Amino acid sequence: MLSETYRLLHSAFGPQHWWPASSPFEVLVGAILTQQAAWTNVEMAINNLKEYGELAPELILSLQPDTLRDAVRPSGYFNQKAKRLVHVVKEIEQKGGLERFLDRPTMVVRKELLAIKGIGKETADSILLYAGKHPVFVVDAYTFRMLGRLDPIRFWEIAARRDYDAVQALFTDAVKELAHEGEKNGDAVEVSREYHALIVELGKRNCRKRIPLCGSCPLREICQFS
DNA sequence: GTCCTGTCGA
DNA sequence: TCGACTGGAC
C-alpha cells in the first residue's frame, strides 16, 4: 500500500532532491524555523540571517537578541523561534558541534535531540535524516492528512490521534521494502528523504486541507477519499 | 486545549 | 478577509 503510494508519487512528481539547504547547519536552522510556517517564509528568514555573515553557530550566537528576532521575523513565531535557535545551537555546540553530535548511533542522537527544548519528534527526525544521514522517516501534518484520506478504515484513528510513532512505523516498513528493490530506489536514507519530500509536494499540490484536488491526484486510483 | 505570528493565495 | 503553513511547550 505505502510502497505503491511511493511509486505513484515518484513517477508523478519526480526526484525532489531535498533538503533545500547548503549545509547541515542550515538544515538545523531551517528545521526550527519551518515549524508551523511556510517554506517561502523560512527562506526569507534564512536570507536575512545570511546578511550578517556565513550561516554558522558563531553567527547565531553573536547576534543581538533583537537583531536575531528581526531576522527570523518572516518565519512567524519570531520571539519563540529566536530563543529556540539560540538555545538549540548552544546545546549542540556544548556537545562538540553539529557534525560530531550527529556522527553517533541514530537512537542515541535522537534521544538527545528530543531532550532539547524546542525540538520535538518531527524536528528531530528532520535533522537526523537531512542534516545527518540517519535512516528515519519524518512524519508531518501532510503525512497524517494523506493517510487519513487514503484509507480511513485503516488509518483514520492514528491520523486523527496524530500518533507519530504508529505512523512512522508504517512508513518505516514501506521504506524497507522500497530500499530492497534493487538499485533503482536507493538505500533507506535516500528513500526516506524522497518519500517525505513527495508527501509534502502532494499536500501542497493535491491533498490540500480545505479543497483537495482529487481529479489530478497521482493517488486517485488507490485513494478512498477521491 | 491554548498560545505563539508573518506572509501569501483563494 | 481568512485559512493555511514541513510544530512544540505548557
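Bear in mind the structure is a predicted one, so any value in this text is a computation, not a measurement. The figures here come from the full heavy-atom set of this structure, side chains too, leaving out hydrogens, waters and symmetry mates. Each chain gets a letter, A, B and so on, in the order the sequences are listed, and its residues count up from 1.
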Participant: Distance check needed: B/dG6 P versus A/D70 CG, whole Å only.
Facilitator: 11 Å
Participant: Under a plain distance cut-off of 3.5 Å, with no hydrogens placed, do A/S22 and A/E26 share a side-chain donor-acceptor pair?
Facilitator: yes
Participant: Would you call A/E181 and A/R7 a salt bridge, taking side-chain N to carboxylate O under 4.0 Å as the test?
Facilitator: yes
Participant: Whole Å only: how far is the CE atom of A/M44 from the P atom of B/dT5?
Facilitator: 17 Å
Participant: For A/H134, which residues count as a ring pair (Phe, Tyr, Trp, His ring centres under 6.0 Å) partner, sequence neighbours excluded?
Facilitator: none
Participant: Using whole Å, what does the distance between atom P of nucleotide C/dG8 and atom CG of A/L85 come to?
Facilitator: 14 Å
Participant: Please determine whether the number of non-hydrogen atoms from other residues, nucleotides or ligands lying under 6.0 Å from atom CD of A/E54 exceeds 12.
Facilitator: no
Participant: To the nearest Å, how far apart are A/I46 CD1 and B/dT7 P?
Facilitator: 16 Å
Participant: Using a cut-off of less than 4.0 Å, is there contact between a side-chain N or O of A/R210 and OP1 or OP2 of B/dG9?
Facilitator: no
Participant: Of the residues in residues 8-35 of chain A, which ones touch DNA chain C at a heavy-atom distance under 4.0 Å?
Facilitator: A/W18, A/T34, A/Q35
Participant: State which residues pass salt bridge (Lys or Arg N to Asp or Glu O under 4.0 Å) with A/R205; sequence neighbours excluded, sorted by chain then number.
Facilitator: A/E201
Participant: Starting from the 5' end of DNA chain C, give me the residue, A/Y164 or A/A38, whose nearest nucleotide shows up first.
Facilitator: A/A38
Participant: I want to verify a distance call: between B/dC8, C/dA4, C/dG7, whose nearest atom is closest to the A/Q36 side chain?
Facilitator: C/dG7
Participant: Report yes or no: is the cationic atom of A/R69 (NZ for Lys, CZ for Arg) under 6.0 Å from the centre of the six-membered ring of A/F78, at an angle within 45° of the ring normal?
Facilitator: no
Participant: Distance check needed: B/dG6 C1' versus A/W39 CH2, whole Å only.
Facilitator: 16 Å
Participant: For A/W19, give me all partners under ring pair (Phe, Tyr, Trp, His ring centres under 6.0 Å), at least two apart in sequence or on another chain.
Facilitator: A/W39, A/Y130
Participant: Looking across every strand, which nucleic acid part, if any, lies under 4.0 Å from A/R145 by heavy atom: base, sugar-phosphate, or nothing?
Facilitator: sugar-phosphate
Participant: Hydrophobic clusters here meaning ILVMFWY residues chained together by side-chain heavy-atom distances under 4.5 Å, can you tell me if A/V88 and A/Y77 are in one?
Facilitator: no
Participant: Would you call A/K133 and A/E190 a salt bridge, using N to O less than 4.0 angstrom?
Facilitator: no
Participant: Output yes when at least one side-chain N/O atom of A/R73 is less than 4.0 Å from OP1 or OP2 of B/dT5, else no.
Facilitator: no
Participant: Could you measure between the two P atoms, the one in C/dC10 and the one in B/dT5, and give it in whole Å?
Facilitator: 15 Å
Participant: Are A/E91 and A/K117 within salt-bridge range, i.e. N to O under 4.0 Å?
Facilitator: no
Participant: Within residues 116-124 of chain A, which residues have any heavy atom lying less than 4.0 Å from an atom of DNA chain B?
Facilitator: none
Participant: Without decimals, in angstroms, what is the distance between A/R84 CZ and B/dC3 C1'?
Facilitator: 11 Å
Participant: Figure out the CG/C1' separation between A/N47 and B/dT7, and round it to whole Å.
Facilitator: 15 Å
Participant: Determine whether A/V191 and A/M1 fall in the same hydrophobic cluster, where Ile, Leu, Val, Met, Phe, Trp and Tyr are linked whenever their side-chain heavy atoms lie under 4.5 Å apart.
Facilitator: yes
Participant: Can you sort out which residues in residues 74-81 of chain A have a heavy atom within less than 4.0 Å of DNA chain B? Ascending by number, please.
Facilitator: A/P74, A/G76, A/Y77, A/F78, A/N79, A/Q80
Participant: Should A/Y52 and A/M44 be counted in the same cluster of Ile, Leu, Val, Met, Phe, Trp and Tyr side chains packed under 4.5 Å apart?
Facilitator: no
Participant: Report the distance from atom CZ of A/F144 to atom P of C/dG8, rounded to the nearest whole Å.
Facilitator: 10 Å
